[in-house]
Amino acid sequence: MRALLASLLAAVLVAAAAPAFAGSKANPDIKGWEKGGEYDKLFDPKEADAFKGRVAKIMEVKPLDGMAPGIALQIEDKKDKTLEIVHLGPKDFVDLGSIGLKEGDQVKVVGAWAEVDGQDILMAVKVKKDEDVQLKVRRTKDGFPFWSMTPEQRKAESSGE
């Protein structure tokens, strides 16, 4: 009986400490971030770009009135040292812990430029921390947001099917 209780306690502790991966929340709050919504329509694949830099700040944002909170990065561009804002997605969906991203990290961001509330921002497709460590939040070819996909669609996207 003691062994069973110890095993159950260990399992609960491990589960509580495990990081939540992007999209793992059962009902993420994505209000205003939905595919086809006002914010999503700002994503234009023709404005695609990529740059490298240092994460200066990780912050919460609400790009448009009424939207659920989101996660953004302030990146110091490696080339010209300007500070660029990169929107990742809804806070309930984006899990930076899944790739261990923190302020000071060197990253490469890929996305599309848009203007939100008079400010140029990059709507991220992915953030690469290392060659094999990245967080994808949109489909590269058309910018379809992963948070609007079913778990099965996300799995297929991330495995390259």
Side-chain angles (χ1 to χ4, degrees), residues 16-25 28-149 153-160:
F21 291 93
S24 65
K25 196 166 184 178
D29 182 3
I30 63 168
K31 184 180 179 206
W33 297 86
E34 303 90 356
K35 177 67 182 156
E38 182 181 355
Y39 177 80
D40 183 64
K41 289 177 182 177
L42 298 173
F43 188 94
D44 182 356
K46 293 178 192 139
E47 296 294 329
D49 196 7
F51 66 93
K52 293 180 181 179
R54 180 186 60 81
V55 178
K57 188 175 182 181
I58 298 170
M59 55 196 169
E60 191 173 298
V61 294
K62 283 192 179 183
L64 302 173
D65 286 341
M67 288 182 73
I71 299 294
L73 305 174
Q74 185 180 54
I75 308 278
E76 180 182 28
D77 189 312
K78 187 175 182 177
K79 284 185 183 176
D80 62 13
K81 305 297 183 205
T82 59
L83 291 174
E84 305 293 355
I85 302 297
V86 179
H87 289 189
L88 300 181
K91 183 179 178 181
D92 278 2
F93 180 84
V94 175
D95 178 20
L96 299 178
S98 67
I99 62 169
L101 190 68
K102 59 190 181 310
E103 292 178 1
D105 284 349
Q106 296 294 320
V107 294
K108 177 180 180 181
V109 291
V110 178
W113 290 103
E115 186 177 315
V116 176
D117 199 25
Q119 180 181 26
D120 287 334
I121 58 104
L122 189 79
M123 296 173 75
V125 168
K126 65 182 170 184
V127 177
K128 287 184 83 167
K129 182 178 172 185
D130 294 313
E131 192 56 40
D132 59 347
V133 179
Q134 68 180 359
L135 176 67
K136 282 192 77 170
V137 292
R138 289 180 179 268
R139 201 162 47 203
T140 305
K141 65 182 174 187
D142 61 4
F144 195 100
F146 278 22
W147 52 85
S148 291
M149 293 180 181
Q153 290 172 315
R154 282 194 301 272
K155 184 178 178 186
E157 273 299 319
S158 61
S159 65

Considering all heavy atoms, the nearest P63-Y39 contact:
CB-CE1, 3.6 Å
side-chain contact (heavy atoms from CB on, under 4.5 Å), paired with F51, selected from V110, V86, D80
V86
Kindly compute the distance separating CG (D77) from OG1 (T82), expressed to the nearest 0.5 Å.
4.5 Å
Nearest heavy-atom approach of I99 to V133 is CB-CG1, 3.6 Å
Is there a side-chain contact between L122 and E84 (heavy atoms, below 4.5 Å)?
no
Provide the closest heavy-atom pair for P90 versus D29 in the form atom of the first, atom of the second, distance.
CB-O, 3.7 Å
Heavy-atom side-chain proximity of L135 to L96 below 4.5 angstrom
yes
Hey, could you give me the CG/NZ distance between L88 and K126, rounded to the nearest 0.5 Å?
14.0 Å
Flag yes if more than 12 heavy atoms outside E115 fall under 6.0 Å of its CD atom; otherwise flag no.
yes
Geometric class of the W33/W147 ring pair [parallel <30°, tilted 30-60°, perpendicular >60°]:
perpendicular
Do D92 and I30 pass the side-chain contact (heavy atoms from CB on, under 4.5 Å) test, and can you show the C-alpha distance, the side-chain angles, and the key distance before you say yes or no?
CA-CA 7 Å; D92 278 2; I30 63 168; 5.9 Å; no
Kindly give the heavy-atom pair with the smallest separation between A72 and V61, and that separation in Å.
CB-CG1, 3.6 Å
Spacing of NZ belonging to K78 relative to CD belonging to Q106, to within rounding of 0.5 Å:
6.5 Å
To the nearest 0.5 Å, atom CG of L64 lies from atom NZ of K62 at 11.5 Å
Are W113 and D120 linked by a side-chain donor-acceptor pair shorter than 3.5 Å?
no
Start with the C-alpha distance between F146 and K136, add both sets of side-chain angles, then the distance that settles side-chain contact (heavy atoms from CB on, under 4.5 Å), and finish with yes or no.
CA-CA 8 Å; F146 278 22; K136 282 192 77 170; 3.8 Å; yes
R138 and F144, any side-chain heavy atoms less than 4.5 Å apart
no
Keeping the roles fixed (side chain from D117, backbone from Q119), state whether a donor-acceptor pair exists under 3.5 Å.
no
Sidechain N-carboxylate O distance under 4.0 Å for D142, K35:
no
Is the number of heavy atoms from other residues, nucleotides or ligands within 6.0 Å of CG (D65) greater than 12?
no
Between I75 and V55, is the side-chain contact (heavy atoms from CB on, under 4.5 Å) condition met? List the steps.
CA-CA 5 Å; I75 308 278; V55 178; 3.8 Å; yes
Side-chain donor/acceptor of R54 to backbone N/O of E76, under 3.5 Å
no
Taking the side chain as every heavy atom from C-beta outward, state whether L101 and L73 have any pair of such atoms under 4.5 Å apart.
yes
Hey, could you give me each pair passing salt bridge (Lys or Arg N to Asp or Glu O under 4.0 Å) that has a residue in residues 99-108? Not counting sequence neighbours.
K102-D105, D105-K129
Would you say I85 and M59 make side-chain contact, with heavy atoms under 4.5 Å?
yes
Rounded to the nearest 0.5 angstrom, the CD-CE distance for E157 and M149 is 4.5 Å
Should we say atom NZ of K91 is surrounded by more than 12 heavy atoms from elsewhere, each under 6.0 Å from it?
no
